[in-house]
Structures are given as structure tokens and as C-alpha cells.
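Structure first, then comments.
A, B, ... follow the sequence lines: proteins, then strands. Residue 1 opens every chain.
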Protein chains: 2
Amino acid sequence: MAVTIKDVARETNLAISTISKYMNGGNVRGKNRKLIEEAVQRLGYRPNNAARGLRSSRSFLVGLILDGLDNQFFSPIASQITERLNEQGYHVIVCCHRDSIKKARKSVDFMLENQVDGMILLPLSSDEDYLESARINRVPVVTLDRLEMPDFDMVGSNAAVGSYNAVEYLIQQGHRKIAVLSGTDKKTGGLKAGQERLKGYKRALEDYMIPLKEEYIASGDFSFSSGYEGMKRIWQLKDRPTAIFISNYNMTLGAVTLLHNLGIAIPEELSLVSFDDLEFSELCQPNLTAVRQPAEEIAKESVDLLLKRMQGDYTNFPEYRKLPAKLFIRDSVRAISRNAETAT
Amino acid sequence: MAVTIKDVARETNLAISTISKYMNGGNVRGKNRKLIEEAVQRLGYRPNNAARGLRSSRSFLVGLILDGLDNQFFSPIASQITERLNEQGYHVIVCCHRDSIKKARKSVDFMLENQVDGMILLPLSSDEDYLESARINRVPVVTLDRLEMPDFDMVGSNAAVGSYNAVEYLIQQGHRKIAVLSGTDKKTGGLKAGQERLKGYKRALEDYMIPLKEEYIASGDFSFSSGYEGMKRIWQLKDRPTAIFISNYNMTLGAVTLLHNLGIAIPEELSLVSFDDLEFSELCQPNLTAVRQPAEEIAKESVDLLLKRMQGDYTNFPEYRKLPAKLFIRDSVRAISRNAETAT
DNA sequence: ATGAAAGCGCTAACAT
DNA sequence: ATGTTAGCGCTTTCAT
């Protein structure tokens, strides 16, 4: 980057502070304004953001730390966060932690070294303290989904309620034997998401006075294969359920693949509702009834909250914004008459 | 960011320059090294990258400009680019241009303002000159896929050859009536990808001396709906094809949805090969035979090439690296005996 | 091996 | 409205 504010000053015979003023929207005499604009254009001058930040101690940089960018649920969120922030004049630095504490810690340090004005972070599944240096440096951090951390704002979806609604819907359609593929395997560690979703399932049963059957709970780790295996285990049960609630997208993919392989008809032989409503939901035959997490709202709210904090507004800190997850009813649930079911 | 190199100097009673030297891996007396390490740890000191770059004119920042992050094909590439670059000590700033010239130009300027050492860019479908300022500022740029631009390096996949292989495979399985859903609609503008893929189709037919039938070419714009509509048009033909080659993922999704809706059996009634091999390929019943673009290699090569340029090595500039796209054979193509077909 | 000092490009007082 | 100047945090000569 060769051309600096000095060059523009020289070209126009004005002081650098005048150029600076102009570049920051200050008042400049009409004649000079033209002069400057012309020179900026001709030289291709762009102010050096690093130098600017050095002085003003604002970088207009925001750090975004995720598991990875290759995730059906989070990549649209990342995209929207980036675009929204750009609209507000902020730029985004991304890092992927891949659920590794070492990488997470490193990512946070990266961000700090680059003087980010704030960070949006998808927490690890385990809750180690990789945010220590962010706390020390008093950089605002908004965490996404997952767990509530005592010292940080959070924006996520209300998984417990979303799951509750899904299971309630099954009950309303006459189902009583409802299994669940949960995401509460040891492997998922502290992943709050899995526990919240199971909680919704349990509460719905409780509220409708349906006794909980341990054998109807298959705990997986949110992976395709754990959905496949969990579904297999459930289907082998002597007393098969008439419906199943699946706790996330990949497990749904696994479960549906198994059902297809076994030639089991949805919803004739088994009704199904999934948590997460992504691409496959409307591609699958039949289209899947699913709980959709409010991705767009999560992106919007997390940006808004971060913006607020970056402006120094710390009212209600820490905030935990839980946005409603909505049930989309399609064709994977069969209505069964209560009598028919009771008769079995 | 409160704590600076000064604080460390004061704490240790050493000169600023000594701390700087240590931070950059220079030699320091054992006793002092301990002193510094201890102070850095205690104060949570992290060097200010902006200040560093101001002096050294290297920011260790790389700009990544894409259409968006919410794309099944590009988001894994973005992820890998980011992770690879991080491993090399570079950080990534992302912007999304959404195929808008205005946004693209702004993104490029953003990057320049942030003093990026280099950029990786997915070009727009039209080829306006939004890279002018990058050229002026002599910042290395590697473009992804799409079109070759005279002054910039490019890394992509060899779409023509991939498509050729797909169609050749259909021919080898005995098909002669082969339709194509191309991505060559006016709406796609200069999108080279669509043209390349159609080229592969035409060449395969030519090499096997199968006459080209214009009515077998449905041109779409790479969208779900254009796949859906294109497939519909093809299926309404009096002389239906026995196989179809579809030029991208979303169009495949659209086409398969139509086939499902109409109850048309794959591959019994229609054989299908798609360009792009993403999630749905192995979820669909039957699993789809598809051409997979070498996403991982594209990410790797583009980073390697950019690294090379950032080190000042401009040998073979501009380079156009076209990586092979590979055919994955699954269950969506039926082998038909030549005789049977000829007899029809 | 360590220290002193200049200066990277810019903004923010302050003076004019 | 414009110019002068100090200094942000760091690296880099150049001394010592």
C-alpha cells in the first residue's frame, strides 16, 4: 500500500489534517473538496485502517469464531452476521476452533492481536476458559446458542420450548408411544443443546401424563451414524413406538437413511419430527415436519447486541436472548385415532 | 486493549526494544527471558498487530471475498482456506458480494483499507472491473473457479472434462438419448462454469458421434426452480431421453423433486448424472451418480498459490490451475443394452 | 545483549 | 476552514 494521506496532501497543497478531516466527513471548502476528491480518485488512495485504529483505538473489526464454516446451520448465520456487520461499517475476521480448546484459545488471542472491537463466538462443547484474555481486555463478546456463560451475553434459540412443541404436536395427533433420539451422549460433553431438547421432550410427556419409558430414549452425539444406530436400536424394540422425535439434523439424516434402507414407510409405520429444519426437510419423501431454529433472528440479534455493547451500553448485562423455534408441519406425521391406539 | 509493550518493559525494567526482540524470537539473556515471559503472562500482553503492520507493512491478513458463506459448495472451501491460512499465521477477513458489483468494489476497498497482504476472490458472474484498486495497490489476488481474468491467478476445477466424463459414462452404459440441464441461461451472464459444463456434454456427444438435439438442451440459471422447470420441459418431449446430465446441485435438487412428484423412477425410467456431489447425492433414493468438484484441493491450491505470491514469487504469472473433477458412480444410472435401445 | 530514538499513517487537540 | 504538532504501539537502525 504505497499511497498515503501525505501523498494526497502534497498533490493538493493542503495539510494532512485537512485531508483527514475530509475523509472523516468534516467540513471542507468546496474548492478544496473537489481538489481532494480528484486526487483521491487519481491516486487510488484508501485510508489505512490499521493506522487509523492505532490512533482512535477503534478498529471496526469484529471477530467471528465458529466451529467451522461448513455447517448447514451455522454458515448462513455466519453469512448474515458478516453482511449485517459490513452494513454497519464493521469488518469480520473469522477463525474456526473445531471444538478444540487450543484452537479456541489461539483464535481469541488472534482476535485480540488484531484489536477487534468485539467478538461473536460459538462456544466449545466443553466449557474451558479460553475467553480469559478477552475478559481481561474488556472486549465485548456475544456467544451463540449452546451454553450460558456467566460473564457473557448469549443469543440462541429456545430449544426446550421448540422440542416441547414438537412432541406436543405428536401427542395431539394421537401418539402415545413416542421415542426420542437425543443428543446427550457422553461425547457431546457439556453440550447444553442436547440436554435442552431432551428436556422439552420430557416435559411434554409429563404435562400430558404419558409415562417416560427409558427404552424409548436413544442417546446419540448429533452425528449421522448415531442417528442411524439409534434408530436401529429403537426399531428393534419389542414394543415399537409409533412416533419419534429426533434431536438434530444429522441424526435425522441418519435415521431416515436407515428407515429407507429397511423399507419402513414414513409416516405410515412411523411418524417423525425433527429438530432443525434444513435442506433435506423439503427434499425428503415425504417432506419432514420439523422445528426450525430462527437462524436469521439469531444472526440479527447477536449483531444488534454486540453493536450495543461496542457502543458502551452495558444495560442488562449479561443478556440471554432466547428466540422461539417454530414448528413447520409437513407430511411425516400420521394422525392416529385415540381408540385405535388404545385398542392395540 | 490496555496492556502494551511499554507495560511489559516497565514491569521488567527492560527496554521496549528488548521486549520487541523477544516477542519476535530474538535472543535474550536467560534471566530476562524468564522475566519477560512471566510479565507477559501476568499482564496478558498480546502484541498489537495493527501497530506491528504499520511498521513492517505486513498485516498477515488475507481477504476472502465470496458470494456468501451459505453455499454448500463454497462454504467448506471457505472453511478450509481459513484454517490453512491460520496455520500459516495469517488471519482472514471475509466479505460477501452477493454478485453485486457495488458490493464487490466495496469489499475490495475494505480489504485494501485493512492492509491485507493478499486476497482470494470468487469473481462475479459478470466481469466488471471491481479489482482495479487491488491491481493499483499491487496486492496479490487469487480468483476461484469461474472465469479466467487476464491479470489474476485462478484456481478451479476442470468442469469441461468433468462433464465430459459424466456424459461419456452415460454413453458407455448404452445411452444415446441424453438430455442436459445446462446453466447457460442469459441470467447467468458470463458465468463460465455453465458454458464449460455444456461444452463437456457437447464434446462427449461429438466424440461418440451422437447427433446433438437442440430440444434435449434445457438451459437454466443454476437455481432449484430452473432445474424443476427444465426437467418438466424435457419430460414433456415426445421423444423422451433415457438419460439426463444436470449441470449443478440446485438444478439437480429441482429436477429430482419433479421426478419424485411425478412418480418417475430413477433409474428405471430415467438415468441421471449430476454435476456437483453434495449432501443430497447420498441421501437420495437411489444414491446419485455425480461429478465431484475437488473442493479440498481448490482450497489447498488457492492458499498455496497466494502464499507464493505474497512471498513475492511471481513465476508463471498468471497461473490457471484447473483441478480434475471426478465421477462418483452410484445407483442413478441404468445400463441399457444397445440392442434394446436400437430396437426402440 | 541491551537501549535510545526515529518513524510507519493516521487522528485529535490546539492554534491560526 | 486550515495548519501544526504530538503520539497511538510497534519495529528497526544504530549505539553502547
Between atom [atom1] in [X] and atom [atom2] in [N], what is the gap in whole Å?
X: I5(A); N: dC8(C); atom1: CD1; atom2: P; value: 14 Å
X: N48(A); N: dG9(C); atom1: CG; atom2: P; value: 8 Å
X: I19(A); N: dG3(D); atom1: CD1; atom2: P; value: 8 Å
X: N24(A); N: dA1(D); atom1: CG; atom2: C1'; value: 16 Å
X: N13(A); N: dG3(D); atom1: CG; atom2: P; value: 9 Å
X: R55(A); N: dG7(D); atom1: CZ; atom2: C1'; value: 5 Å
X: Q115(B); N: dC10(D); atom1: CD; atom2: P; value: 18 Å
X: D7(A); N: dG9(C); atom1: CG; atom2: P; value: 8 Å

Does [N] have its OP1 or OP2 closer than 4.0 Å to a side-chain nitrogen or oxygen of [X]?
X: S17(B); N: dG3(C); answer: no
X: K6(B); N: dC8(D); answer: yes
X: S57(B); N: dC8(C); answer: no
X: R52(B); N: dT11(D); answer: yes
X: Y45(B); N: dC10(D); answer: yes

Note to self: Applying a 4.0 Å non-hydrogen cut-off, can you work out what K21(A) is touching in the nucleic acid: base, sugar-phosphate, or nothing?
What the structure shows: base
Next item on the list: Could you tell me whether I16(B) contacts a base, only the sugar-phosphate backbone, or nothing, with contacts defined as non-hydrogen atoms closer than 4.0 Å?
Entry: base
Next item on the list: May I ask you to say whether D304(A) pairs ionically with K308(A), meaning some side-chain N is under 4.0 Å from a carboxylate O?
Entry: no
Check: Is a salt bridge present between R33(B) and E37(B), judged by a nitrogen-to-oxygen distance below 4.0 Å?
Finding: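 Salt bridge: yes.
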Checklist line | Atom pair CZ/CG of R46(A) and N49(A) - distance to nearest 0.5 Å | finding: 10.5 Å
Next item on the list: Measure the SG-CD distance between C95(B) and E83(A) for me, rounded to the nearest 0.5 Å.
Entry: 9.5 Å
Next item on the list: Take R29(B) and A51(B), find for each the nucleotide of DNA chain C with the closest heavy atom, and name the residue whose nucleotide sits nearer the 5' end.
Entry: R29(B)
Margin query: Assuming nearest nucleotide by heavy-atom distance, tell me which of L54(B) and M23(A) is located more 5' along DNA chain C.
Written below: L54(B)
Margin query: Tell me whether N71(A) contacts the main-chain N or O of F74(A) through its side chain, where contact means a donor paired with an acceptor under 3.5 Å.
Written below: yes
